[in-house]
Amino acid sequence: MDTTVYRPLDPGSRPGPQSGTTTTAAVRARSLSKRYGTGDAEVRALDAVDVDFAAGELTAIMGPSGSGKSTLMHLLAGLDTATSGRAYLGETEVTALGDKQLTHLRRERVGFVFQSFNLLPMFTAEANIVLPVEIAGATLDRAWFDTLVQTLGLGRRLDHRPSELSGGQQQRVAIARALITKPDVVFADEPTGNLDSRSGAEVLGFLRRSVRELGRTIVMVTHDPTAAAYADRVVLLADGRIAGEISDPTPESVLAGLDALRTLDDAPGAEVRA
Ligand SMILES: Nc1ncnc2c1ncn2[C@@H]1O[C@H](COP(=O)(O)OP(=O)(O)OP(=O)(O)O)[C@@H](O)[C@H]1O
Ligand SMILES: [Mg+2]
């Protein structure tokens, strides 16, 4: 499935967790809820979710449209406020932070690939990618920038503005921007949703290698069973609740899990385990 040629990543960076060490949670949600509106108009976008995302793993979140996937990632990344419950990034309780601390957390510790990209329209692709480094007042790691640009196939598009880029190219710029500061955790909301299968495979292969070789933690939303099979684990969401999980997913086991999810409507409280 992984059609990319294997190239080691940025050997100067810190290595991933050694095998044999216990995996610790990089990200945790505890009874995390988000409600919109009140009374009859109330929407429970997220309903008392408990979930852990292990450090040094690539986790995929799957579930029907409207099941709360983006909401969960926004709350975990400190981009939106919870109605109740707690979210942790490592030992930091994200849900207890004030505005200043949240800004710092988003700047220093989290990378986010938005479902809608959120690129700055007046900036070139290159300026968009390096912006987080400049905002943090850090020094750009040119070799890492080159690795990202090369792997994501953006070399000939660096001087273009977002309006001059295809959807898939904008998506790849957004991925480079999320990774440029080498954050502890990257949240990616459908990072391959606009890519053809070959570019998608390259991006996914790259994300998986940044987890394996550089010890990054990545949580990504996807609707694609083939994409989910790149993950170490799949977490299933339905109606704002955790509806199951799949370990060491394959496209087949993910499809079976999604099928099982559809039939769960008849069995409240049941969960998919595979
Ligand atoms: N600002 C808002 N006001 C009211 N309801 C909202 C708001 N944002 C999201 N919702 C609702 O919360 C629920 C969860 O939305 P969310 O965007 O997390 O879903 P999703 O799983 O990411 O879906 P998709 O796969 O379509 O991206 C949906 O029912 C949505 O309509
Ligand atoms: Mg979404």
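All values below come from the heavy atoms of this structure, side chains included, with hydrogens, waters and symmetry mates left out. Nothing here was measured: the structure is a model prediction, and the numbers come from that model. Counting starts at 1 for both ligands and their atoms, in listed order.
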| query | Can you tell me the angle formed at the Mg ion (ligand 2) by OE1 of Gln115 and OG of Ser70, to 10°? | reply | 80°
Under 4.0 Å between a side-chain nitrogen and a carboxylate oxygen: does that hold for [X] and [Y]?
X      : Y      : answer
Asp50  : Arg241 : no
Asp232 : Arg212 : yes
Asp80  : Lys34  : yes
Lys182 : Asp141 : yes

| query | Under the 6.0 Å and 45° cation-pi test, does Arg209 pair with Phe206? | reply | no
For [atom], what is the closest protein heavy atom, and at what distance to 0.1 Å?
atom                    : answer
atom 9 (C) of ligand 1  : Tyr36 CE1, 3.5 Å
atom 11 (C) of ligand 1 : Val43 CG1, 4.0 Å
atom 28 (C) of ligand 1 : Gly66 O, 3.7 Å
atom 17 (O) of ligand 1 : Ser70 CB, 3.8 Å
atom 25 (O) of ligand 1 : Lys69 NZ, 2.7 Å

| said: Check for me whether the distance between the ring centres of Phe187 and His74 falls short of 6.0 Å. | reply: no
Counting from 1, what ligand 1 atoms have a heavy atom of [X] closer than 4.0 Å?
X      : result
Gln115 : 27 (O)
His223 : 25 (O)
Ser67  : 19 (O), 21 (O)

| With a 4.0 Å heavy-atom cut-off (strictly under), which part of Lys34 contacts ligand 1: side chain, backbone, both or neither? | neither
| task | Quick one: do Glu126 and Thr124 satisfy side chain to side chain donor-acceptor pair (under 3.5 Å)? Show the steps, please. | result | CA-CA 5 Å; Glu126 173 159 359; Thr124 64; 5.9 Å; no
| Closest candidate by heavy atom, reference atom 16 (P) of ligand 1, pool Thr71, Leu46, Leu237 | Thr71
| message | I want to confirm something. Looking only at heavy atoms, which of Ala45, Gly193, Ser65, Ala238 is nearest to atom 24 (P) of ligand 1? | response | Ser65
| Is there at least one protein heavy-atom neighbour under 4.0 Å from atom 30 (C) of ligand 1? | no
| said: Under 3.5 Å between any N/O of Gly68 and any N/O of ligand 1: does that happen in this structure? | reply: yes
| CA sep, side-chain torsions, deciding dist, call: Thr92, Arg109, side chain to side chain donor-acceptor pair (under 3.5 Å) | CA-CA 11 Å; Thr92 310; Arg109 297 179 56 195; 2.7 Å; yes
| query | Under 4.0 angstrom from ligand 1, any heavy atom of Gly63? | reply | no
| message | Quick one, Leu131 with Phe123, criterion side-chain contact (heavy atoms from CB on, under 4.5 Å). Give me CA distance, side-chain angles, the key distance, then yes/no. | response | CA-CA 9 Å; Leu131 188 67; Phe123 284 23; 3.8 Å; yes
| task | Say whether Asp224 and Thr222, considering side chains only, have a donor N or O and an acceptor N or O under 3.5 Å apart. | result | no
